[in-house]
> 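Sharing a structure with you now.
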Amino acid sequence: MSETSVTPLEAIKIDFHREHNTYFHHTNDFDNTNLIVRRGQEFQMEVTFGRELNDNDKVILQLSIGENPKRYNGTILYLNLTSKQKKQPWHAEIYDTDGQKCFIAVTSPPDAIVGKYSLDVITESNLRNFRDVVFYVLFNPWCEADSVFMPDEEQKAEYVLNDTGCLYGGSATHILERPWNFGQFEEDILDCCMHLLDLSLLGPHGQRNPIHVARAMSALVNYDENEDDDGVILGNWSGYYEDGTSPEDWTGSVPILQHYYRNKEPVLYGQCWVFSGVLTTIMRCLGIPARSVTIYECAHDHHRNINADEIYNEMGEKMNISDFTWNYHVWNDIWMKRPDLTEGYDGWQVIDGTPQYVMKDGESLECGPAPVIAIKKGDVYVPYDTMFVFSEVNADMVLWITRKVNGKEEFMRVFEDTRMIGRNISTKAVGKNEREDITDQYKFPEGSPEERKAMKTALSHASSLENYTAASFPESPKAELTLGIEEEKTLLPGQPIDLNIVVRNMSADAWTVNLCVSCHLESYTGKVQARLKSIQQTVQTEGKPVIQTPLTVDADRYMDIMSSTEDELLFKVNIFANVEDTHENLGKRITLTFQYPPLKIEMPETAKVNESFTCEVIFENTLCIPLEKCKLCIEGLGIFPMRTFDQGNIYPGQTSTSKIVCTARKLGEKKIVAKLNSTQVKGITEEKFITITEDEESYVL
């Protein structure tokens with residue numbers, strides 16, 4: 001009898017051929033030394049035994065996932081290398097041998113549990129436990145049988161592999177870019193996502209299904225201090241962030257997720273764009289195509305009647321009982337099939353990580369996935385949370401004035417606009433550093449028969465919880481009047497705001513018009529921060545096609561308010577008119593934004609990997625006021641982590657310069673993002689790209 005026939009077979013080494021596998025699985029950018037593969041796709045590995053393999057040897061790979069794996073629920077798997085089990089969902093086979101080395105091809109099913117697996121090798125004589133040998137299985141948008149399959153290669157490059165991008169803020173008439181580093185491949189980000197999967201308690205069935213994973217992540221990205229949950233970020237809209245980081249300071253997801261994972265505590269603080277940016281990172285890291293999406297004039301329909309009901313007093317000042325219309329709101333789209341629904345709802349799905357409201361089941365702070373096509377068609381009965389999302393993008397704006405009549409509060413409907421809500425829906429374009437308007441994916445053209453049909457469909461499923469007593473509201477206005485301002489312009493902080501309120505008479509008729517104008521500072525969520533000025537007067541249109549009423553707000557009046565909050569504020573003007581002759585009521589809302597001096601980034605267009613270069617950030621204060629307590633936040637993904645520089649006060653005409661000597665760790669196109677905040681102005685942002693090339697010495701053999 002030969003020596004090999006009596007020597008027990010034992011596995012002594014495993015090689016996952018990481019470089020080869022990660023290239024073909026599009027996971028080679030992960031800063032992680034373990035094997036990372038995508039489900040539904042073969043990967044190769046090598047096992048070295050203590051002796052050569054005989055034909056009658058029994059070898060089984062044991063895969064396990066989770067703390068207490070069980071065979072019945074698929075969390076422990078046995079792959080027999082010698083039984084030709086190709087019909088099994090998971091299967092493995094030996095495709096070559098070389099002495100004591102055995103080369104194995106392993107294939108996972110397209111609905112495999114997503115997570116972190118351990119690998120052991122069982123032979124007839126023993127179980128070899130490789131405690132440090134783990135690998136990760138992710139969703140696979142390159143696999144046609146995976147429910148997150150995305151056919152377009154350029155879209156996969158953008159929505160799965162791109163680790164930088166842009167979010168959008170400002171206003172519908174003055175859209176501003178927010179450069180954002182997603183950083184899904186950076187150190188600890190994948191392990192943070194695995195930690196979140198464990199916290200989700202989805203179980204093996206849930207971790208197969210991107211619908212359940214996405215819904216769970218939309219909840220876990222936010223922290224609910226009342227529930228004492230394990231969420232990533234605590235939302236804060238108070239304007240005061242001294243015990244944490246202002247939402248305006250973040251330039252990307254990486255420092256947030258790294259801090260959360262390493263400290264196992266919520267990160268302070270976030271607002272909607274922060275939740276969206278981090279959720280995009282989590283989804284792309286797990287392999288689910290994702291994009292951040294900004295909606296301008298986003299309604300929050302607390303009355304659930306698919307109207308954005310804004311209520312004002314007789315002075316034209318907005319009341320707290322109003323539905324809030326966020327100046328903008330940022331959520332996420334993710335790409336997947338919806339086998340749980342009837343045909344036609346595959347594709348982009350809305351999820352939202354911002355904790356805006358509590359679900360009617362009392363559970364909460366999770367929103368979506370809601371099919372974008374269902375939102376467009378008004379199919380608000382389709383799960384999940386489609387009714388709420390439909391109202392956000394397609395509610396009708398209704399302005400009301402409340403007054404006391406015979407001791408009873410009466411609501412007078414003064415204005416309705418079917419086109420205001422859900423404007424300029426924006427995301428970063430595929431393969432370009434530009435904004436793409438995707439409003440047509442969410443809505444039919446405003447006022448079109450298709451759009452009104454979608455609204456009618458949605459209303460048939462809505463239940464109005466509030467009923468206002470409306471005064472008579474003529475269908476066709478008799479007085480042909482329009483309201484507005486002479487010129488919609490951006491405002492410069494520190495200078496007086498001088499506007500002309502305009503009433504235009506489009507006919508030759510004479511009307512008596514009671515005009516009511518108010519202005520205030522408002523957060524992007526629609527919360528009134530300070531009431532600034534009100535005007536009430538009666539004007540006669542006879543012989544006057546245009547009537548102008550001046551409105552001036554001194555700089556000291558509004559700058560004190562802007563300096564007392566760490567949030568960026570907008571200037572809102574409300575114009576109401578009552579035509580005595582026809583008893584008609586008209587209304588108009590106008591949003592104006594403040595314009596800030598730009599940041600400038602100077603650095604070379606190219607640099608070699610592992611070779612230092614200088615990045616210089618320059619800011620000149622061209623305003624007429626000093627900017628106090630200036631803070632510069634700068635981050636270079638794959639180059640250096642986020643750094644913060646306190647720059648003190650920057651006076652009018654003064655230039656501040658900050659230099660960083662840095663070294664790129666990774667090849668390819670990289671981006672530097674810089675952001676400047678001060679007591680007076682917030683969110684001055686700039687970005688610049690640099691191409692990192694191979695060091696010439698690396699080519700020398």
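Every heavy atom of this structure was used, including side-chain atoms; hydrogens, water molecules and symmetry mates were not.
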> About how many Å separate CG of Leu257 and SG of Cys285, when rounded to the nearest 0.5 Å?
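It is 8.5 Å, given to the nearest 0.5 Å.
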
> Looking only at side chains, do Asn514 and Gln537 share a donor and an acceptor under 3.5 Å apart?
no

> State whether Arg589 and Glu310 are salt-bridged, where the test is any N-O pair (Lys NZ or Arg NE/NH1/NH2 against Asp/Glu carboxylate O) under 4.0 Å.
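Looking at Glu310 together with Arg589, the answer is yes, because their closest N to O distance falls below 4.0 Å.
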
> I'd like to know if the side chain of Asn500 reaches the main chain of Gln548, judged simply by a donor and an acceptor atom lying under 3.5 Å from each other, with no hydrogens or angles considered.
no

> Are Ser426 and Asn424 close enough that a side-chain donor and a side-chain acceptor fall under 3.5 Å?
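Absent: no donor and acceptor within the cut-off.
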
> Centre of Tyr168's six-membered ring, under 6.0 Å away, within 45 degrees of the axis: is that where NZ or CZ of Arg178 sits?
no

> Looking at residues at least two apart in the chain, or sitting in another chain, which of them share a ring-ring contact (aromatic ring centres under 6.0 Å, His included) with Phe185?
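For Phe185, the residues satisfying ring-ring contact (aromatic ring centres under 6.0 Å, His included) (neighbours in sequence not counted) are Phe30.
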
> In a check of side chain to side chain contact (heavy atoms under 4.5 Å, CB included) between Ile501 and each of Val573, Ile547, Ile535, which one passes?
Val573

> Supply the atom-to-atom distance Asp163 CG to Trp180 CH2, rounded to the nearest 0.5 angstrom.
14.0 Å

> For residues 631-646, which side-chain donor-acceptor pairs fall under 3.5 Å, sequence neighbours excluded?
residue : atom : partner : partner atom : Å
Lys631  : NZ   : Asp249  : OD2          : 2.6
Glu635  : OE1  : Asn181  : ND2          : 3.3
Glu635  : OE1  : Thr251  : OG1          : 2.8

> Would you say the side-chain atoms of Ser563 pair up with the backbone N or O of Ile561, donor to acceptor, closer than 3.5 Å?
no

> Begin from the C-alpha positions of Thr691 and Glu605 and carry the test side chain to side chain contact (heavy atoms under 4.5 Å, CB included) through to its verdict.
CA-CA 6 Å; Thr691 301; Glu605 294 183 356; over 6 Å; no

> Think Lys264 forms a cation-pi with Tyr261, using NZ or CZ under 6.0 Å from the six-ring centre and within 45 degrees of its axis?
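Judged by the rule, Lys264 and Tyr261 form a cation-pi pair.
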
> Say you draw a straight line from CD of Glu669 to OG1 of Thr164; how long is it, rounded to the nearest 0.5 Å?
7.5 Å

> Can you tell me if Thr439 uses its side chain to pair, donor with acceptor, with the backbone of Ile425 under 3.5 Å?
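Yes, the answer is positive, given that a donor and an acceptor are paired below the 3.5 Å cut-off.
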
> Return yes if some donor-acceptor pair links the side-chain N/O of Asn307 with the main-chain N/O of Ala395 below 3.5 Å, else return no.
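No: the side chain of Asn307 does not pair with the backbone of Ala395.
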
> Output yes when Glu248 and Lys682 qualify as a salt bridge under the 4.0 Å nitrogen-oxygen rule, no when they do not.
no

> Can you tell if the side chain of Val274 reaches within under 4.5 Å of the side chain of Ile233, non-hydrogen atoms only?
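Yes. Closest side-chain heavy atoms under 4.5 Å.
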
> When Glu687 is tested against each of Lys670, Lys428, Lys671 for salt bridge (charged side-chain N to carboxylate O under 4.0 Å, His left out), which residue passes?
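Exactly one pass, corresponding to Lys671.
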
> Going by atom types alone, do Ser658 and Gln647 pair a side-chain donor with an acceptor below 3.5 Å?
yes

> Not counting sequence neighbours, which residues clear salt bridge (Lys or Arg N to Asp or Glu O under 4.0 Å) with Lys600? List them please.
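Testing Lys600 for salt bridge (Lys or Arg N to Asp or Glu O under 4.0 Å), a comparison that skips the adjacent residues, returns Glu602.
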
> Heavy-atom distance under 4.5 Å between the side chains of Met603 and Thr614, does that happen here?
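With C-beta onward as the side chain, the pair stays apart.
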
> Less than 3.5 Å apart, any donor N or O on the side chain of His329 or Asp352 sitting next to an acceptor on the other?
yes

> Who passes ring-ring contact (aromatic ring centres under 6.0 Å, His included) against Phe576, sequence neighbours left out?
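ring-ring contact (aromatic ring centres under 6.0 Å, His included) check on Phe576 returns Tyr312.
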
> Could you check whether any side-chain N or O of Glu392 sits under 3.5 Å from a backbone N or O of His300, counting only pairs where one atom can act as donor and the other as acceptor?
no

> Are side-chain heavy atoms of Leu196 and Val232 found at a separation under 4.5 Å?
yes

> Side chains of Ser171 and Thr593 only: does a donor on one sit below 3.5 Å from an acceptor on the other?
no

> Are the side chains of Phe594 and Tyr558 in contact, using a 4.5 Å heavy-atom criterion?
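The answer is yes; the side chains approach within 4.5 Å.
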
> Would Gln654 and Asn649 count as having a side-chain donor-acceptor pair, cut-off 3.5 Å?
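Side chains of Gln654 and Asn649: no pair found under 3.5 Å.
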
> Do Cys630 and Leu627 make a side-chain contact, defined as non-hydrogen atoms from C-beta onward lying under 4.5 Å apart?
yes

> Return yes if a side-chain donor-acceptor contact under 3.5 Å exists between His259 and Glu265, otherwise no.
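Yes, a side-chain donor-acceptor pair sits under 3.5 Å.
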
> Sort out for me which residue in Tyr524, Trp331, Trp250 forms a ring pair (Phe, Tyr, Trp, His ring centres under 6.0 Å) with Trp273.
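Output: one option passes, namely Tyr524.
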
> To the nearest 0.5 Å, what is the distance between CD1 on Ile575 and CG on Leu483?
6.0 Å

> So, Asp567 versus Tyr241: side-chain donor-acceptor pair below 3.5 Å or not?
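Per modelled atom types, Asp567 and Tyr241 side chains form a pair under 3.5 Å.
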
> Run the salt bridge (charged side-chain N to carboxylate O under 4.0 Å, His left out) check on Glu186 and Lys666 step by step: do they pass?
CA-CA 11 Å; Glu186 296 301 299; Lys666 295 182 178 181; 3.1 Å; yes

> Using the ring centroid of each side chain, check whether Tyr240 and Tyr269 are separated by less than 6.0 Å.
no

> Measuring only between side-chain heavy atoms, which start at C-beta, is Lys533 closer than 4.5 Å to Leu551?
yes

> Got a sec, which residues hit salt bridge (Lys or Arg N to Asp or Glu O under 4.0 Å) with Asp333, two or more places apart in sequence or on another chain?
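With sequence neighbours excluded, Asp333 shows a salt bridge (Lys or Arg N to Asp or Glu O under 4.0 Å) to Arg291, given in chain and number order.
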
> Does the side chain of Ser518 come under 3.5 Å of the side chain of Asn574 through a donor N or O and an acceptor N or O?
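Yes, a side-chain donor-acceptor pair sits under 3.5 Å.
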
> For Glu314, is there any backbone N or O sitting under 3.5 Å from a side-chain donor or acceptor partner on Gln536?
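Yes, because the side chain of Gln536 sits within donor-acceptor range (under 3.5 Å) of the backbone of Glu314.
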
> Kindly write out the residues that satisfy salt bridge (Lys or Arg N to Asp or Glu O under 4.0 Å) with Glu522, not counting sequence neighbours, or none if the list is empty.
Lys318, Lys572

> Taking the side chain from Thr280 and the backbone from Ser276, do they hold a donor-acceptor pair closer than 3.5 Å?
yes

> Check whether any side-chain heavy atom of Asn222 sits under 4.5 Å from a side-chain heavy atom of Phe275, and report yes or no.
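A side-chain contact under 4.5 Å exists here.
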
> Taking the side chain as every heavy atom from C-beta outward, state whether Ile401 and Asn313 have any pair of such atoms under 4.5 Å apart.
no

> Quick one: closest heavy-atom pair of Ala530 and His520, and the distance?
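Heavy atoms only, the tightest pair is O-CB, 3.0 Å.
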
> Any carboxylate oxygen within less than 4.0 angstrom of a Lys/Arg side-chain nitrogen, looking at Lys432 and Glu158?
no

